[in-house]
Amino acid sequence: MASMTIRNVDNQLKARLRVQAAQYGHSMEDEAGEILQAALSTSARIEQRSLAESIRSRIEPLGGVELDLPAREAIADRANPGV
C-alpha cells in the first residue's frame, strides 16, 4: 500500500477530519483514504459528453438567449467564378 503526505492542510479541516474519523472509529489516515476512495471511485458520475453538451448542461438552467441572426445567403459557386 502506498503512503502519501498532504501538506498545508487547514487546521479546521484537520480537526473536522479527526472528529469524523473518531465517529467512524477510524484513524485520520484511514478516514482520509476512505474519503479519497469514495470521491474517486464514482467514475459513473463522469459522463462521456461532448464539450457542447457539457457547456449546455451548465448554462441551460440560467435561461436562454434569443439572437437575431442575419439571413443566410447562398454559397457562391467556386467552380464558376463570376457566374
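In this text the structure is predicted, and so the values were computed from the model without any measurement.
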Item to check | Linked hydrophobic residues, Val19 as query - side chain contacts closer than 4.5 Å | outcome: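 None, because no other hydrophobic side chain comes under 4.5 Å of this residue.
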
Hey, can you pull the donor-acceptor pairs under 3.5 Å for the side chains in residues 2-12, sequence neighbours left out?
unit_1 : atom_1 : unit_2 : atom_2 : d
Asp10  : OD2    : Gln12  : N      : 3.2
Asp10  : OD2    : Leu13  : N      : 3.4

Item to check | Where Ser27 and Ala21 come nearest, the two heavy atoms and their spacing | outcome: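 So the two residues come closest at O-CB, 3.6 Å.
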
Item to check | Minimal non-hydrogen separation, Pro61 against Arg56, with atom names | outcome: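 Smallest heavy-atom distance, with atoms named: CD-O, 4.3 Å.
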
Item to check | Those residues that, when tested against Ser54, pass side-chain hydrogen bond (donor to acceptor under 3.5 Å, both in side chains) (two or more places apart) | outcome: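 Once residues adjacent in sequence are excluded, Ser54 has no partner under the side-chain hydrogen bond (donor to acceptor under 3.5 Å, both in side chains) criterion.
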
Next on the checklist: If I take atom CG from residue Asp30 and atom CE from residue Met28, how far apart are they, to the nearest 0.5 angstrom?
Outcome noted: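 Going from the CG atom of Asp30 to the CE atom of Met28 covers 11.0 Å.
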
Item to check | Atom pair NE2/CD of His26 and Gln20 - distance to nearest 0.5 Å | outcome: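 Rounded to the nearest 0.5 Å, the NE2-CD separation comes out at 9.5 Å.
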
